[in-house]
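Structure first, then comments.
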There are 2 protein chains.
Amino acid sequence: MAAWVRFVAVLELLPGVLDSQLRHDSGVTHFEYFVMAVLAETPGGTMRMTELAGATNATPSRLSHVVARLEDRGLVERSPCPENGRATNARLTEGGRAKMRAAAPGHVAAVRRHVVDVLSPEQVTQLAAISDAILGSIAPAGPMAEGYRRYDGPAGESS
Amino acid sequence: MAAWVRFVAVLELLPGVLDSQLRHDSGVTHFEYFVMAVLAETPGGTMRMTELAGATNATPSRLSHVVARLEDRGLVERSPCPENGRATNARLTEGGRAKMRAAAPGHVAAVRRHVVDVLSPEQVTQLAAISDAILGSIAPAGPMAEGYRRYDGPAGESS
DNA sequence: TGAATCAAGTTGTCGCTTCAACTTTCGCGG
DNA sequence: CCGCGAAAGTTGAAGCGACAACTTGATTCA
């Protein structure tokens, strides 16, 4: 139970710290950074909106808003998907890639300093396993796939 | 590094799940619940605003807004501190206590279902240690004390 | 083929958090 | 005793995410 209180504190404080660092250093939020990071790792830097939403654990609405803002700043471009008229492709622009190159070192350093470096190697492994277990109970289809859903009632099991 | 991605997913998804459950079930946010829970655990259900902000890992501004909303709903009362004219005491009302009694079981169940029950006892212990280590690097004065601060530069160590 | 249904995104509105500015009060030095 | 700075909170404006409603394109099935 004491463990829970401390974990809640981490849930409350860590996102703010990461956001502050990226905002100050590079003028992007952590979520914007994450979206661009996912795009940067795909061949061509292109991905469907829904797929991107799944990969970033975001609702379609949130992703749409964020990508619209990134597009206004010239970091991402949207274009209708040729194969599927209702789908949209998001592509990282060269400016977005440059932004990532500029922001990555500082962000990685912050993550190391605040998380990785204060944990032992075993603790990092433990954290991965713990995260997987929790994700299994709140994102049944997995974090890196579609099928995400929010809380939908007190009975998590099939009824 | 894969551990980090999964942990980020937890940071992103878990707060939303907890918020949804409490909102649906009891009409309060997770942070509002936490504020009232801290108040409920103090003798008299009373605490200074600054102290409460420290205990809930919130900025004074955030706490002020939240307590104002709770006061509008009759769950908390504010009164000027007699000993210190610039301080304010927040007190949990009987209605707030009733709200807590109604909300607690569902919330505890959700925490169990999504976190505690999917982890082994050792993992819970590990999570506590990991949380402590991370908190040590982002909240130097400790989670349950004042002295919280936000990110303030790339060099966390003394220079 | 054509109507109903579903999928993919977008948009608007509302509530919450942050940031900066402000008010009031306490403590202290001259 | 008076003024100055720090402490404690509050307030207002701006930004971001959630929710619901909506638009448009694909599917299915009779």
Side-chain angles (χ1 to χ4, degrees), chain A residues 11-24 27-35 47-54 56-73 76 78-90 146-152, chain B residues 11-24 27-35 47-54 56-73 76 78-90 146-152:
Chain A
L11 289 177
E12 201 74 53
L13 293 176
L14 231 197
V17 170
L18 297 177
D19 251 34
S20 286
Q21 184 272 318
L22 275 171
R23 194 95 55 109
H24 270 275
V28 295
T29 66
H30 180 250
F31 184 67
E32 289 170 345
Y33 177 92
F34 197 67
V35 167
M47 200 181 285
R48 290 256 220 314
M49 290 295 283
T50 297
E51 192 184 358
L52 188 54
T56 57
N57 308 298
T59 60
S61 172
R62 181 184 186 185
L63 184 64
S64 187
H65 282 293
V66 167
V67 170
R69 276 171 279 185
L70 290 175
E71 194 170 26
D72 286 343
R73 290 189 262 161
V76 166
R78 271 186 293 192
S79 53
C81 175
E83 315 159 3
N84 192 332
R86 58 192 160 170
T88 302
N89 280 326
E146 88 297 348
Y148 132 95
R149 69 180 169 110
R150 305 189 60 76
Y151 180 86
D152 67 341
Chain B
L11 290 176
E12 201 74 54
L13 294 175
L14 229 198
V17 170
L18 297 177
D19 252 34
S20 286
Q21 185 273 318
L22 276 170
R23 195 95 56 108
H24 270 275
V28 295
T29 66
H30 179 250
F31 183 67
E32 289 170 345
Y33 176 92
F34 196 68
V35 168
M47 200 180 286
R48 291 255 218 319
M49 290 295 283
T50 298
E51 193 184 358
L52 188 54
T56 57
N57 308 298
T59 60
S61 173
R62 181 185 187 186
L63 184 65
S64 185
H65 282 294
V66 167
V67 170
R69 288 188 292 255
L70 290 175
E71 194 170 27
D72 285 344
R73 288 189 263 161
V76 166
R78 270 185 295 192
S79 53
C81 175
E83 316 158 4
N84 191 332
R86 56 193 160 171
T88 303
N89 279 327
E146 88 297 348
Y148 133 95
R149 69 180 169 112
R150 303 188 63 76
Y151 179 86
D152 65 343

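Just so you know, these numbers come straight off a predicted model, no measurement behind them.
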Take atom CZ of Phe34(A) and atom C1' of dC16(D), then tell me their distance rounded to the nearest Å.
18 Å
Contacts of Arg86(A) meeting side-chain hydrogen bond (donor to acceptor under 3.5 Å, both in side chains) (sequence neighbours excluded), chain-then-number -> Asn84(A)
Let me know the distance between CZ of Arg48(B) and C1' of dT25(C), rounded to the nearest Å.
13 Å
What's the CG-C1' distance between Leu13(A) and dT18(C), to the nearest Å?
15 Å
Check every strand shown and say whether Thr88(A) touches a base, only sugar-phosphate, or nothing at a heavy-atom separation below 4.0 Å.
sugar-phosphate
Would you indicate what Arg23(B) reaches in the nucleic acid, counting non-hydrogen atoms under 4.0 angstrom: base, sugar-phosphate, or nothing?
nothing
Looking at residues at least two apart in the chain, or sitting in another chain, which of them share a ring pair (Phe, Tyr, Trp, His ring centres under 6.0 Å) with Tyr33(A)?
His107(A)
Starting at CG of Asn89(B) and ending at C1' of dA8(D), how long is that distance when rounded to a whole Å?
12 Å
For Phe31(A) and dG15(D), what is the distance between atoms CZ and C1' respectively, to the nearest whole Å?
15 Å
Let me know which of Val17(A), Val35(A), Leu22(A) forms a side chain to side chain contact (heavy atoms under 4.5 Å, CB included) with His30(A).
Leu22(A)
Given atom CZ of Arg86(A) and atom P of dG25(D), what is their separation to the nearest angstrom?
11 Å
Here the residues of residues 62-69 of chain A within 4.0 Å heavy-atom distance, strictly under, of DNA chain D are Arg62(A), His65(A), Val66(A), Arg69(A)
Ser64(B) side chain to Pro60(B) main-chain N or O, any donor-acceptor pair under 3.5 Å?
no
When only distance counts, do a donor and an acceptor, one from the side chain of Ser61(B) and one from the base of dC19(C), lie under 3.5 Å apart?
yes
Would you indicate which nucleotide in dT10(C), dC26(C), dA8(D) comes nearest to any side-chain atom of Ala87(B)?
dA8(D)
Heavy-atom pair with the smallest gap, counting every atom of Gly27(B) and Arg73(B):
O-NH1, 3.1 Å
Going by an N to O cut-off under 4.0 Å, is there a salt bridge joining Arg48(A) and Glu83(A)?
yes
So does Arg23(B) pair up with Glu32(B), basic N to acidic O under 4.0 Å?
no
Rounded to the nearest Å, what distance is computed from the CD atom of residue Glu51(A) to the P atom of nucleotide dA7(C)?
17 Å
In whole angstroms, how far is the P atom of dT10(D) from the CG atom of Leu70(B)?
13 Å
